[in-house]
Amino acid sequence: MTVEGTAARSTSRRSGGKRASTSRKKKTAATQPGEPQLVQLLTPEGERVEHPDYAFDPTPDELRGFYRDMMLTRRFDAEATALQRQGELGLWASLLGQEAAQIGSARALRPDDYVFPTYREHGVAWCRGVDPTNLLGMFRGVNNGGWDPNTNNFHLYTIVIGSQALHATGYAMGVAKDGADSAVIAYFGDGASSQGDVAEAFTFSAVYNAPVVFFCQNNQWAISEPAERQSRVPIYQRAQGFGFPGVRVDGNDVLACMAVTKAAVERARTGEGPMLIEAFTYRMGAHTTSDDPTRYRHDDERAAWEAKDPILRLRTLLEKENLADKDFLTSVDEEADALARRVREAVRAMPNPDSMAIFEHVYADGHALVDEERAQYAEYLASFADGEAH
Amino acid sequence: MTVEGTAARSTSRRSGGKRASTSRKKKTAATQPGEPQLVQLLTPEGERVEHPDYAFDPTPDELRGFYRDMMLTRRFDAEATALQRQGELGLWASLLGQEAAQIGSARALRPDDYVFPTYREHGVAWCRGVDPTNLLGMFRGVNNGGWDPNTNNFHLYTIVIGSQALHATGYAMGVAKDGADSAVIAYFGDGASSQGDVAEAFTFSAVYNAPVVFFCQNNQWAISEPAERQSRVPIYQRAQGFGFPGVRVDGNDVLACMAVTKAAVERARTGEGPMLIEAFTYRMGAHTTSDDPTRYRHDDERAAWEAKDPILRLRTLLEKENLADKDFLTSVDEEADALARRVREAVRAMPNPDSMAIFEHVYADGHALVDEERAQYAEYLASFADGEAH
Amino acid sequence: MAATSTTKMPIAKALNESLRKAMEDNPKVLVMGEDVGKLGGVFRITDGLQKDFGEDRVIDTPLAESGIVGTAIGLALRGYRPVVEIQFDGFVFPAYDQIVTQLAKMHARALGKVKLPVVIRIPYAGGIGAVEHHSESPEALFAHVAGLKCVSPSNAADAYWMMQQAIESDDPVVFFEPKRRYWDKGEVDTSAIPAPLHAARVARQGTDLTLAAYGPMVKTCLEAAAAAEEEGNSLEVVDMRSMSPIDFDTLQQSVERTRRLVVVHEAPVFLGTGSEVAARITERCFYHLEAPVLRVGGFHAPYPPARLEEEYLPGLDRVLDAVDRALAY
Amino acid sequence: MAATSTTKMPIAKALNESLRKAMEDNPKVLVMGEDVGKLGGVFRITDGLQKDFGEDRVIDTPLAESGIVGTAIGLALRGYRPVVEIQFDGFVFPAYDQIVTQLAKMHARALGKVKLPVVIRIPYAGGIGAVEHHSESPEALFAHVAGLKCVSPSNAADAYWMMQQAIESDDPVVFFEPKRRYWDKGEVDTSAIPAPLHAARVARQGTDLTLAAYGPMVKTCLEAAAAAEEEGNSLEVVDMRSMSPIDFDTLQQSVERTRRLVVVHEAPVFLGTGSEVAARITERCFYHLEAPVLRVGGFHAPYPPARLEEEYLPGLDRVLDAVDRALAY
Ligand SMILES: Cc1ncc(C[n+]2csc(CCOP(=O)(O)OP(=O)(O)O)c2C)c(N)n1
Ligand SMILES: Cc1ncc(C[n+]2csc(CCOP(=O)(O)OP(=O)(O)O)c2C)c(N)n1
Ligand SMILES: [Mg+2]
Ligand SMILES: [Mg+2]
């Protein structure tokens, strides 16, 4: 199991270095009239701004760490998309555009915290130290996930929309019973916010005051449906009616995502219960490689969001503040290339599962019918080997 | 089909009589600090109070009509409880204590409006003109409802908690498609507010701006679970996060329930979309006749709510304002006795369904398997008649 | 007699044309589901319908299957005839409660006084190399439930006509669309007089053994029959078309002639529809059967990842293996 | 050898004692559901548990079945062993999605790396004169789903031991409690060595025909066997105990001796568990069977109102009618 992700995290934590002297540049983010409040600490132009509730002064190492995380995640994602085009994967769900939401939120977590992702949390997986090739098994069609969630406290990808919000809540109830101070985070999308399971997760977490953070990446689209098809008010407001706070954060601002998630997990740890974060971001690509967004959305929408790119704004800041020299930027690019190469090779080398794997792990304690069918199928296959059949 | 309920409504509407001169007595309701706002127009002591948003000046006829509705409903309910004790019904779900919430809300509706009840809306059924004995079939065990919902625009009782909220929303979507100005109202309990289906109904109704009113009778208990087990904030607040208004009304105040529901259906009619009403009331009896509330709640709670009885306070008002003389009160009592008698007789006369009814109405267009099983079972039964079997 | 108007088209197109026809014929017909509007559904079955019939009749819904079916029930109560799309088989379960406790039972609850003409379209079964939840065959979980009808077309003509009939039906119909056959072409005669919705059809005549199947497995069985012919075995293929009700008469007639039956479906064998066919045909044809009814289907395991689905799915070889075993009795 | 400690108690009490024992033995065992706390559940199966083990281990939940099962899954992932109560059979469906797409499949999804030791208790089946949704037998809808195990005890001793075993199992178990037999008493030896959870049991020996049943119908079958004896017919009764897996070996051994089989359950016959028993036993015992496997069960109709349930439920007469028909072959 590779620990590149984990390594990056420890780098960003190790830092005894002085805080990036960004304070002199900070302003307070301007909120457009009528627009809901949106926590922002770094503007699309790469300016640091302040927010009264969410202060965050990252060290240069942390800033460089975010940059590296986002670059590598994006590169990994692009490689996976390419691998799908080349027929190595059956499908890919790209996170392009959502790097800040994922890296920012995931870097706010401790190793003992627990993550319940959807199928798109590749950046979160990265930060948890999950080997990126692990994520590709289900998209290649060799397994349905298959990694050990407890290795990195990163649960399996969940495809049925919204289900994992309840798993996260139950897990968090267990954390509280154990008297532990870990937090749990459930990721889901704008579309998922309509599912009954998500509402029930809100109810259970509120009633039991469970230490869970609901992190909704509102990427504006649920396949072809715009977010307005799911709610006529901003999604973060949903929380209040269940009795816990909700906040909208600029999902393309890695600093704001980090700061807000950090605050939310701290609340959880100290027994203040759940919180909902709506990361306002954008799905830059298709829903998955099977999707054709030209059927339902205009290119200019994408163009507008390109100007808010999460990596670009951080790079602007790094450069402006002389926090990233050419060597650093080159080394990240090289690391990204190496990662892509490694992933490509690993995917191509991924063996097809054995026929008999169908019968494995259906039950933990065995099941007579599975045993019978396994034996019959083995016999059937053997009949070919013997040259006895058609 | 009896139309006592309907008749009562037309009485209260006919009134050309002058408004009850209650204004001289009105005050503004005092809200306890820390308590959520609660719309009240008639105090437990029988005092009229004003509310800035919900004015309502009922005529004397209307007031007497409410009194009659509530008295008859309560009496019907008591008779049904007695019939259960006598073994005539298998079960009864009493509405005792919730008369004002049901009568007040139901009297705010027009005949063309449509009602989706739970299993406890006997007072609403009454106002819709549903023959009370119709309600008893399922509790006696001779059918599962069986009335024609379109006769009184009163849907079948729904037992699966929360389901009907979606049916109401869909129906309301249809009303809007038809360009009609009817409203739809969905009843449910505090317990039901936790069901995913109710949340999904909130989402759909908000997104499609459907003309539906959600009327939650918070009777403080879901069988043995107190309302705090369902939500840590008042239930009416749930609506806001879905983008429509919610309001808490004194559910034991028939005037306030009427006024608030009237406002909500008017909103719906004029295209302003859904609204949630939380009627704060109390289940004075057991959950059903199968329940034993002594296992989970104290008598003094009930005692406290007895002081807030919905009928008592209206009677106090009627007497104080000389709006109900002895004749009227006696006539209502007599009417109640007659109703109880009629219901008792009707229930006792209710025939058991025919054996072959099992096979009826499984499908509208028939089904070969049902036909086959019906024929086989008829033959089987016939074999006994022929004396051929055991 | 109307002039015939026969066109060759894939199943997907036949379904699309059928929906279009139903919407033209009856303004109460609605289409609703996730992404059915501009996108035309992930399989494009509703392609172009929103453009032509408007957002009021082709409704993109919030992402909540219970909500979709629950509101469809309400719309049906108001007089509409909703055709609901469930995006993939594995996503019908959030709506399962509404389907089995409400949709299936409301007509009976009302002693017939309300009707629930709702069609639930489910692109189902495997063979398209998809990720989890996108390849399941849950039909037995619906066929077991009284109040529902379940059908599955195997070819374009049936797709066209069965969809019309399902929409016309006053009962709820769960319409299982064999997604991996969406692109299979066939002749559709839009002026034909269709067979009844729940009648099975002898798709190929034979004398030695009957293969019974529906939906995607009909093609597999026809291919098996062709292969068997080369080996000198004459297999009859019955396209069941309906899983609730099942047309046992047609099956019985076939088995009385062939004296052997193999039932094939993608769903797991254990408690799959084949178990009911086996039990009932054995009862009906006890003295005719030369061999027990054999079943070929999925294993008692979650649908496997794509690279294993060829193993999991009943293919030619597994069907012929069962045929051999049945003939060996 | 431990001293035997045998007590006579009703099934309800045996379940209560069993839960208590499991909670004492393992602090990870939790009980959760609607009204399981102070009320002790509507059938009092959890009576006194909250008082003794606290609100942290006996959890009254919000009224949302999907939420109950979904959070139970999360608790299991954290290392707990939740025992979930569904209040009545008809109310399990809001949780059906979590049960079939998550609970049943997560172990496989993780290639065995997580375990889901969750027990779902469902008081099921009819005979108590209840209103709609309170008398259903949905076991086939769970047994068809790979990843779940399904059992149903018919007597107090099995209730006690099978509940222990279900809680000890690392697989999700749907535990169907025959609610109309809750008050039937039987001897429970809490120091006995129990039979395996999924083994069938010959409850009465006989030579002429085998009756197979589980849960509430075992008593009915034993009564039928007693009645048949008076008529000179010797019926064997097999208490299946488990619907997934089904112990076909025990059934086969019995049928090879008796050569006739009638399967009885309350659930609708069409695609009920009896269809699988019929299909598979016919395959296993083709040359032994003198008659087709007959099935007695519910009709293809919603569970009827209480005053019709005696007609709907398989009783002595309908079982004996099927026996007569089988013997007449
Ligand atoms: C219960 C369910 N219904 C439908 C689907 C098919 N589906 C997969 S992703 C998706 C859209 C999800 O949108 P959103 O929650 O916004 O997440 P995003 O894909 O945008 O990250 C749909 C409808 C599903 N996976 N699960
Ligand atoms: C889905 C579902 N789960 C459980 C039940 C059993 N049950 C019937 S009433 C009830 C409590 C309902 O409480 P609430 O919604 O507050 O309504 P009230 O009975 O107080 O009017 C429960 C748990 C049910 N009917 N449906
Ligand atoms: Mg989205
Ligand atoms: Mg209540």
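A, B, ... follow the sequence lines: proteins, then strands. Residue 1 opens every chain.
- For chain D, the option among Asp190(B), Asp354(B), Leu369(B) with the highest count of heavy-atom pairs below 4.5 Å is Leu369(B).
- Residues of residues 45-53 of chain D lying under 4.5 angstrom from chain B, judged on non-hydrogen atoms, are Asp47(D) in numerical order.
- Side-chain contact check for Phe43(D) versus Gln87(D): every heavy-atom pair is 4.5 Å or farther apart.
- Using a 4.5 Å cut-off between heavy atoms, Glu34(D) touches chain B through backbone and side chain atoms alike.
- Ile358(B) touches chain D through backbone and side chain together, each having a heavy atom under 4.5 Å away.
- Between Tyr96(D) and Phe142(D), a ring centre-to-centre spacing shorter than 6.0 Å is recorded.
- Checking side-chain atoms of Glu266(D) against main-chain N and O of Gly126(D) turns up a donor-acceptor pair under 3.5 Å.
- When every heavy atom of Ser135(D) is checked against every heavy atom of Ala130(D), the shortest pair comes out as OG-CB, 4.0 Å.
- Of the atoms belonging to Glu309(D), not a single heavy atom falls under 4.5 Å from chain B.
- For chain B, the nearby parts of His300(D) are the backbone and the side chain; heavy atoms of each come within less than 4.5 Å.
- Neither the backbone nor the side chain of His287(B) has a heavy atom closer than 4.5 Å to any heavy atom of chain D.
- By the 30° and 60° cut-offs, the orientation of the rings of Phe91(D) relative to His134(D) is perpendicular.
- Contact annotation for Ile161(B): only side-chain heavy atoms (C-beta onward) come within less than 4.5 Å of a heavy atom of chain D.
- Note: Phe202(B) and Phe242(B) have perpendicular aromatic rings, judged against thresholds of 30 and 60 degrees for the angle between ring planes.
- Residue with the most contacts toward chain D among Arg229(B), Arg140(B), Glu225(B): Glu225(B) (heavy-atom pairs, distance under 4.5 Å).
- Contact of Phe299(D) with chain B is made through backbone and side chain together, with heavy-atom distances under 4.5 Å.
- A donor-acceptor pair under 3.5 Å links the side-chain atoms of Arg120(B) to the main chain of Ser94(B), judged by distance alone.
- Heavy atoms closer than 4.5 Å to chain B are found nowhere in Arg325(D), neither backbone nor side chain.
- At a threshold of 4.5 Å between non-hydrogen side-chain atoms, the residues Thr81(B) and Leu89(B) do not count as touching.
- Remark: Lys219(D) NZ to Arg180(D) CZ distance equals 8.5 Å, nearest 0.5 Å.
- Proximity to chain D (any heavy atom under 4.5 Å) is restricted, for Asn352(B), to the side chain, taken from C-beta onward.
- For a residue to count as touching a neighbouring chain, one of its non-hydrogen atoms must lie under 4.5 Å from one of that chain's; by this rule Phe359(B) touches chain D with the side chain only.
- Side chain to side chain, Thr210(D) and Glu236(D) fail the donor-acceptor criterion of an N or O pair below 3.5 Å.
- Annotation: maximal heavy-atom pairing with chain D below 4.5 Å, among Gly90(B), Ala192(B), Ser355(B), occurs at Ser355(B).
- Taking the ring centroids of His155(B) and Trp147(B), they lie at or beyond the 6.0 Å cut-off.
- In this structure, no portion of Phe93(D) lies under 4.5 Å from any heavy atom of chain B.
- The closest donor-acceptor contact from the side chain of Arg238(B) to the backbone of Ser231(B) lies at 3.5 Å or more, if one exists at all.
- Comparing Tyr363(B), Phe139(B), Tyr119(B) by how many heavy-atom pairs each has under 4.5 Å with chain D, the most go to Tyr363(B).
- When all heavy atoms of Asp291(B) and Arg283(B) are compared, the closest pair comes out as OD2-NH2, 3.6 Å.
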